[in-house]
A.B. asks: 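Structure in structure tokens, see below.
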Amino acid sequence: MKKNIGVYIHIPFCARKCAYCDFYSLQGSSVAALMPKYHKALLRHIAESAQQLRGYYIDTVYFGGGTPSFYGAGRLIELFEALKNTGSVLIDCEVTAEVNPDSVTKADLLKMRRAGFNRLSVGVQSADDGMLRRIGRLHNFSQAEEAVVNARLAGFRNVSIDLMYGLPSQSREGWADTLTRAAALKPDHISCYGLKLAEGTELYTFKDTPFIPDDDTQADMYLYAVEALSRFGYRQYEISNFAKRGFESRHNMKYWRGEEYISFGAAAHSYVGGLRYNYIADADEYARRIMSGDPVVDQTEEISTREQASEYLMLGLRTVQGISEEEYRAIYPCSFEPIEDKLKFCAKHGLAVKNDGRWSLTPRGFLVSNVIIGEVLESQTQQHAILARKLRPEQEEMQIGMTMFDKKQDEIPLFQGI
Ligand code: SF4
């Protein structure tokens with residue numbers, strides 16, 4: 001029986017680099033010449049993958065970037081047509097495009113809606129025009145409002161907006177104002193991302209200066225967003241994502257549930273048939289190789305059942321739906337008890353909850369999710385060591401002996417605490 005799969009298409013072009021962005025995207029004078037070449041390569045790559053795609057039903061398509069709207073509605077529609085020509089796109093497929101308010105018109109949105117696009121993700125980021133300039137955005141808030149209004153007029157019934165907090169010199173009041181004005185646009189879905197200062201970005205030079213809100217202030221802004229958005233009718237369903245009921249992103253849920261997705265474009269990642277692989281992060285070279293029939297895969301990794309179980313824990317604990325013993329043991333037949341012990345400890349401190357047999361983190365737990373997930377994964381590693389010893393006592397003992405001989409005890413993380 002055919003399985004469902006998501007498709008991601010990466011458009012690595014932007015009108016200008018934002019001051020905080022470390023995604024793979026290109027801008028500048030060379031982009032105009034590269035776009036047609038890249039586009040041809042994407043069309044060919046999709047056509048060449050038709051046979052593989054025919055083994056699946058495509059139930060979500062996501063055009064991300066970069067800035068897909070800067071690439072142009074016409075090109076996006078051609079890519080979606082190429083996908084439809086594979087004969088695998090389901091009629092009720094969720095089809096999302098990321099758009100920026102400065103590069104999308106009402107006419108573009110009408111064309112996209114008619115071609116079958118049914119979800120938009122609008123990069124709004126802030127309602128404060130001074131802030132938008134500070135972080136290098138090319139639009140103001142009234143353009144963002146116009147983009148959302150135009151999306152509705154074009155017939156989009158599923159509109160998401162992206163917001164950011166912890167921005168340079170942002171106050172709690174400024175963030176509250178952004179949330180209120182963003183919710184007034186009545187989007188169906190809101191993503192809220194905290195600023196992360198990545199090396200190499202323009203804003204990185206301000207790291208550890210008073211210009212950037214500290215961790216405590218950012219945490220405060222996050223908790224405020226959870227509370228305010230709930231008041232406005234948005235239910236949190238993942239660390240950074242909030243939606244009206246029924247408007248959760250089906251495509252992104254695939255990532256968090258460890259489901260399959262296949263990608264096209266430079267730097268894009270896929271997860272198909274237990275293999276994770278990514279294409280080279282060079283749009284020009286990606287286009288050249290596709291057109292000359294050379295391989296474009298940069299790295300491939302086979303995901304073992306144990307790794308699948310780790311990912312289940314890691315990704316599941318990012319969502320409000322959380323994790324369950326039954327689902328975990330269906331992937332990996334190992335005791336859930338030590339994992340549950342860690343979560344019980346977290347529950348005592350208000351960081352985790354158990355409802356109907358499922359464990360999930362609370363908003364306070366999400367704030368320290370990296371630490372909690374690290375602890376949970378460590379207890380899984382210890383269980384794995386016990387299971388491995390039970391299954392292969394002789395080999396395992398030999399291995400332990402050799403390892404102990406080679407290393408000091410405190411350098412053997414696998415066997416700590418057993
Ligand atoms: S528009 Fe998006 S991808 Fe492009 S530079 Fe800005 S944040 Fe990065």
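No experiment lies behind these values; they were computed from the predicted model shown. Every number for a ligand or one of its atoms is a count from 1 in the order of the listing. Positions are given from 1 along the sequence.
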A.B. asks: Under 30°, 30 to 60°, or over 60°: which ring-plane class applies to Phe264 and His45, parallel, tilted or perpendicular?
C.D. replies: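 Taking His45 first and then Phe264, their aromatic rings stand perpendicular (interplane angle over 60°).
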
A.B. asks: Of the side chain and backbone of Cys14, name the one, both, or neither that has a heavy atom under 4.0 Å from an atom of ligand 1.
C.D. replies: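 For Cys14, the contact with ligand 1 is made by the side chain alone.
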
A.B. asks: Can you sort out which atoms of ligand 1 are near Thr67, meaning under 4.0 Å from one of its heavy atoms?
C.D. replies: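 In order of numbering, the contacting atoms are 1 (S), 4 (Fe).
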
A.B. asks: Using the side-chain contact (heavy atoms from CB on, under 4.5 Å) rule, pick out the option among Leu132, Ile135, Asp128, Leu203 that qualifies with Leu167.
C.D. replies: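 Running side-chain contact (heavy atoms from CB on, under 4.5 Å) over Leu132, Ile135, Asp128, Leu203 with Leu167 returns exactly one hit, Ile135.
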
A.B. asks: Closest approach of Glu248 and His189, non-hydrogen atoms and distance?
C.D. replies: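 For Glu248 versus His189, the nearest heavy atoms are CA-CD2, 4.3 Å.
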
A.B. asks: Among all protein heavy atoms, pick the one closest to atom 3 (S) of ligand 1 and tell me residue, atom and distance.
C.D. replies: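 Heavy-atom neighbour on the protein nearest atom 3 (S) of ligand 1: Gly66 N, 3.3 Å.
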
A.B. asks: Check the pair Asp108, Thr105 against side-chain hydrogen bond (donor to acceptor under 3.5 Å, both in side chains), reporting the backbone distance first and the verdict last.
C.D. replies: CA-CA 5 Å; Asp108 291 337; Thr105 64; 3.1 Å; yes

A.B. asks: Quick test: of every protein heavy atom, which one is nearest to atom 5 (S) of ligand 1, and how far off is it to 0.1 Å?
C.D. replies: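 Going atom by atom, the protein heavy atom closest to atom 5 (S) of ligand 1 ends up being Cys18 N, 3.2 Å.
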
A.B. asks: Between Gln27 and ligand 1, find which residue part has any heavy-atom pair under 4.0 Å and reply side chain, backbone, both or neither.
C.D. replies: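 Neither part.
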
A.B. asks: Go through ligand 1 atom by atom and flag the ones less than 4.0 Å from a non-hydrogen atom of Asn100.
C.D. replies: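 Atoms satisfying the 4.0 Å criterion: 1 (S).
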
A.B. asks: Considering only non-hydrogen protein atoms, determine which one is nearest to atom 7 (S) of ligand 1 and report residue, atom name and distance to 0.1 Å.
C.D. replies: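 For atom 7 (S) of ligand 1, the nearest protein heavy atom is Tyr20 OH, 3.5 Å.
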
A.B. asks: If the threshold is 4.0 Å, N to carboxylate O, is there a salt bridge linking Lys84 and Glu81?
C.D. replies: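 A salt bridge links Lys84 with Glu81.
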
A.B. asks: What protein heavy atom sits nearest atom 8 (Fe) of ligand 1, and how far off is it?
C.D. replies: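 Protein heavy atom at minimum distance: Cys21 SG, 2.3 Å.
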
A.B. asks: For Asp294, I'd like to know if atom CG has over 12 heavy atoms of other residues, nucleotides or ligands within 6.0 Å.
C.D. replies: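 More than 12 within 6.0 Å, yes.
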
A.B. asks: Can you give me the closest heavy-atom contact between Arg231 and Tyr224, atom names plus distance?
C.D. replies: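 It is NH2-OH, 3.7 Å.
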
A.B. asks: Please confirm whether Phe70 comes under 4.0 Å of ligand 1, counting heavy atoms of the residue only.
C.D. replies: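 False for this residue.
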
